[in-house]
Amino acid sequence: MLLFDINFLKLTPFDVLDIVLVAFIFYQLFNLIKGTIAANIAIGMVIVCLLYFAVQKLHMQMLTYILGNFMKVGIIALVVVFQQEIRRFLLLVGKNASFQRNRAWWQYLFGKREAEKNNYARIKPIIDACKSMKQTRTGALIVFVKYYDEQFYQNSCELLESKISKRLLESIFQKHSPLHDGAVVISGNRIKSASCILPLTDKTDLPAQFGLRHRAGIGVTEANDATAIIISEETGELSYAKQGKVKINISFAELEKLLNKDF
Ligand SMILES: Nc1ncnc2c1ncn2[C@@H]1O[C@H](COP(=O)(O)OP(=O)(O)OP(=O)(O)O)[C@@H](O)[C@H]1O
């Protein structure tokens with residue numbers, strides 16, 4: 001089936017679909033690297049490509065040879081340089097395709113009320129701990145993961161495997177606790193580990209007051225399918241990070257909604 005046939009331009013519905021999908025993929029990739037160092041690297045690579053085509057057209061042989069060889073290893077270089085972004089992109093695709101995470105279906109099949117009730121019981125001690133830590137200006141970083149990747153966390157964390165409780169969270173993050181440095185990781189109904197050292201984001205467009213705690217909270221959500229609550233020791237403000245993006249100074253009602261949705 002042809003939509004257009006202007007001499008050389010023949011357009012079928014699949015060509016349109018092709019263009020829309022490519023545009024969508026590029027848009028998602030752009031969103032993933034926006035504001036990171038990877039965006040500058042991508043611009044650098046585009047410039048090298050354009051330069052290569054220009055010197056090739058101008059028959060500048062030495063530069064064509066050098067840039068040509070550089071481009072030959074380009075694919076490998078791309079995979080190495082954009083490792084984090086490729087990982088995030090695949091996570092995004094997998095997450096959207098995952099049946100279990102499609103809450104509309106999940107709640108339709110297993111009852112929305114029941115799911116919300118069970119979730120609230122899980123979330124309440126976390127919200128209560130956050131309220132008290134905000135009041136006392138206790139810095140905290142709590143990470144939520146659907147799947148606890150032991151390889152990712154085992155080297156840097158203190159393994160806990162304990163029930164989620166307000167008092168335990170408070171004890172971990174109080175200043176004199178040996179475990180207060182680093183993040184707590186929660187998966188399912190358990191506090192899996194504490195004192196975790198997480199990857200830092202390399203975003204360059206973050207607010208000036210964001211130090212290592214915030215950078216680690218955002219970084220872990222870029223590298224993993226995770227969300228994070230960050231409580232600032234300096235201001236007591238609560239932030240929430242997801243997929244490398246952060247919401248600053250959220251209220252407890254908002255936090256409850258977000259956790260209900262993501263946790
Ligand atoms: N890579 C990391 N992974 C997890 N936690 C980290 C990491 N680096 C630092 N932290 C935590 O962040 C704390 C230092 O926070 P820093 O003051 O730099 O952060 P901040 O974002 O400015 O937050 P605050 O507003 O609480 O000061 C450390 O004591 C440690 O607990």
Side-chain angles (χ1 to χ4, degrees), residues 35-38 83-85 87-88 91 126-162 164-187 190-252 254-255 258-259 262-263:
T36 69
I37 284 174
Q83 201 193 69
Q84 289 288 343
E85 284 67 28
R87 191 185 154 104
R88 265 190 282 155
L91 266 173
I126 300 165
I127 294 181
D128 288 347
C130 289
K131 279 182 185 165
S132 117
M133 290 192 285
K134 181 184 169 81
Q135 247 175 13
T136 54
R137 296 257 171 108
T138 306
L141 175 54
I142 306 174
V143 175
F144 301 90
V145 291
K146 296 266 181 200
Y147 308 106
Y148 185 74
D149 182 347
E150 285 193 12
Q151 254 193 335
F152 184 81
Y153 297 103
Q154 74 184 1
N155 292 330
S156 69
C157 298
E158 207 67 49
L159 209 70
L160 288 184
E161 259 315 330
S162 62
I164 301 171
S165 98
K166 170 182 180 260
R167 291 207 299 174
L168 180 57
L169 287 171
E170 284 172 342
S171 317
I172 291 172
F173 287 115
Q174 65 108 342
K175 266 199 192 104
H176 302 293
S177 154
L179 296 181
H180 83 279
D181 253 340
V184 156
V185 179
I186 295 181
S187 178
R190 317 288 289 170
I191 297 180
K192 290 284 190 182
S193 43
S195 208
C196 299
I197 306 297
L198 304 174
L200 303 177
T201 180
D202 57 8
K203 274 187 193 288
T204 50
D205 57 354
L206 294 176
Q209 76 270 21
F210 277 16
L212 294 178
R213 197 189 317 277
H214 287 84
R215 288 197 162 270
I218 299 166
V220 71
T221 69
E222 287 174 344
N224 287 279
D225 185 10
T227 52
I229 301 174
I230 307 137
I231 303 177
S232 165
E233 191 178 1
E234 231 170 274
T235 61
E237 266 178 22
L238 245 85
S239 303
Y240 188 83
K242 184 182 175 183
Q243 286 174 1
K245 297 195 177 86
V246 66
K247 287 189 177 176
I248 305 170
N249 202 10
I250 57 166
S251 66
F252 287 105
E254 232 175 313
L255 178 66
L258 289 166
L259 286 180
D262 300 328
F263 179 34

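We count ligands from 1, going down the list as the structure has it; atoms in each ligand are counted the same way. Just so it is clear, the values below take in all heavy atoms, side chains as well, and ignore hydrogens, waters and symmetry mates. Residue numbers count from 1 along this sequence.
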Which of the numbered atoms in ligand 1 are below 4.0 angstrom from a heavy atom of [X]?
X: Leu198; answer: 1 (N), 2 (C), 3 (N), 4 (C)
X: Cys196; answer: 3 (N), 4 (C)
X: Gly211; answer: 18 (O), 19 (O), 20 (P), 21 (O), 22 (O)
X: Ile197; answer: 1 (N), 3 (N)
X: Glu233; answer: 24 (P), 25 (O), 26 (O)
X: Glu234; answer: 25 (O), 26 (O), 27 (O)
X: Gln209; answer: 22 (O)

Looking at ligand 1, does any of its N/O atoms fall within less than 3.5 Å of an N/O of Arg215? no
How does Ser232 reach ligand 1, by side chain, by backbone, by both or by neither, if only non-hydrogen atoms under 4.0 Å count? both
Specify side chain, backbone, both or neither for Leu200, according to which of its non-hydrogen atoms lie closer than 4.0 Å to ligand 1. side chain
Evaluate side-chain contact (heavy atoms from CB on, under 4.5 Å) for Val220 paired with Val185, printing each intermediate quantity in order. CA-CA 11 Å; Val220 71; Val185 179; over 6 Å; no
Donor-acceptor pair, distance only, cut-off 3.5 Å: does the side chain of Thr221 make one with the backbone of Ala226? no
Please lay out, stage by stage, how Lys242 and Asp262 fare under the test side-chain contact (heavy atoms from CB on, under 4.5 Å). CA-CA 9 Å; Lys242 184 182 175 183; Asp262 300 328; 2.9 Å; yes
Do [X] and [Y] have side-chain heavy atoms sitting under 4.5 Å apart?
X: Glu161; Y: Lys192; answer: yes
X: Ile172; Y: Leu160; answer: yes
X: Lys247; Y: Lys245; answer: no

Residue, atom name and distance, where the atom is the protein heavy atom closest to atom 28 (C) of ligand 1: Asp181 OD1, 3.3 Å
Is atom 17 (O) of ligand 1 close to the protein, meaning a heavy atom under 4.0 Å from it? no
Whether over 12 other heavy atoms sit under 6.0 Å from Arg167 CZ: no
Are more than 12 heavy atoms, taken from residues, nucleotides or ligands other than Gln135, located less than 6.0 Å from that residue's CD atom? no
When you measure from atom 8 (N) of ligand 1 to each heavy atom in Thr235, Ile231, Leu212, which option holds the nearest one? Leu212
Do Ser195 and Glu158 have a side chain donor and acceptor closer than 3.5 Å? no
